[in-house]
Each structure stands twice: as C-alpha cells, then as structure tokens.
Amino acid sequence: MLQALASRIRTAAGQMHAAAAPLDGLSGHVSHLIGGTASGRDRDFVEMLLDARASIAAAIADCAEASGGVTRAAIHAQAQLAAQEREASRRV
C-alpha cells in the first residue's frame with residue numbers, strides 16, 4: 001500500500017513536470033517578443049509565468065521528498081513485519 005502511494009506521488013510529479021514544460025517556452029517566447037519595449041503589464045505577465053513555473057518546480061520537489069519518505073516508511077514497515085514474524089516463529 002505504501003509503495004503504491006509512493007508510485008502515485010512519483011506519477012503526479014511527472015505529470016506536473018510535463019505541465020510545467022510549456023511555461024518555460026512560453027515565458028521565453030513572450031520575453032523575446034516584447035524585448036526591451038515591454039510595458040509594466042507585459043513584464044508582470046512574464047513574471048507571473050516564471051512564478052508559476054517556480055511554484056510547480058517547488059511542488060515537484062515536495063513530491064519527490066514525500067515519495068522518498070513514503071518509500072522509507074514502507075521499507076521500515078516491511079523490516080518490522082519481518083522481525084515480528086521471525087520473533088513469532090522462534091516462540092513456536
């Protein structure tokens with residue numbers, strides 16, 4: 001169950017990464033188009049795109065951290081279960 005959760009978190013991170021990719025190109029393209037003649041609103045738009053990309057990158061990093069934590073928890077739970085089973089078999 002924990003391994004499945006970790007897998008779903010990794011899948012979500014991959015989907016977020018795919019969703020964020022166009023933002024990189026779009027912000028670069030808009031920056032190129034407006035060049036040095038950008039108005040405040042144009043710069044604000046590009047800044048918004050870059051902020052969105054940064055937020056998504058942070059969420060991807062959080063997913064990676066969560067996935068790692070869940071995986072470590074699953075490994076720990078499996079080790080505990082194995083130890084309990086060994087202890088139970090010694091008592092029999």
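Scope of the values below: all heavy atoms of this structure, side chains included, with no hydrogens, waters or symmetry mates.
- For residues 76-92, every residue pair satisfying the salt bridge (Lys or Arg N to Asp or Glu O under 4.0 Å) rule, not counting sequence neighbours, is listed here: E87-R90, E87-R91.
- Rounded to the nearest 0.5 angstrom, L49 CG and L23 CG are separated by 6.0 Å.
- Residues forming a side-chain hydrogen bond (donor to acceptor under 3.5 Å, both in side chains) with S67 (at least two apart in sequence, or on another chain): R10.
- A distance of 11.5 Å separates CD in Q3 from CZ in R8, rounded to the nearest 0.5 Å.
- Hydrophobic clustering, defined by side-chain heavy atoms of Ile, Leu, Val, Met, Phe, Trp and Tyr closer than 4.5 Å, groups V70 together with L2, L5, I9.
- For H76, the side-chain contact (heavy atoms from CB on, under 4.5 Å) criterion is met by Q80, not counting sequence neighbours.
- Considering CD1 of I60 and CE of M16, their distance stands at 5.5 Å, rounded to 0.5 Å.
- Between M48 and D44, the closest side-chain pair of non-hydrogen atoms is not below 4.5 Å.
- Contacts of R53 classified as salt bridge (charged side-chain N to carboxylate O under 4.0 Å, His left out), with partners at least two apart in sequence or in another chain: D24.
- Among residues at least two apart or in separate chains, there is no salt bridge (Lys or Arg N to Asp or Glu O under 4.0 Å) pair with a member in residues 60-81.
- Hydrophobic cluster membership for I75: none, as no Ile, Leu, Val, Met, Phe, Trp or Tyr side chain comes under 4.5 Å of it.
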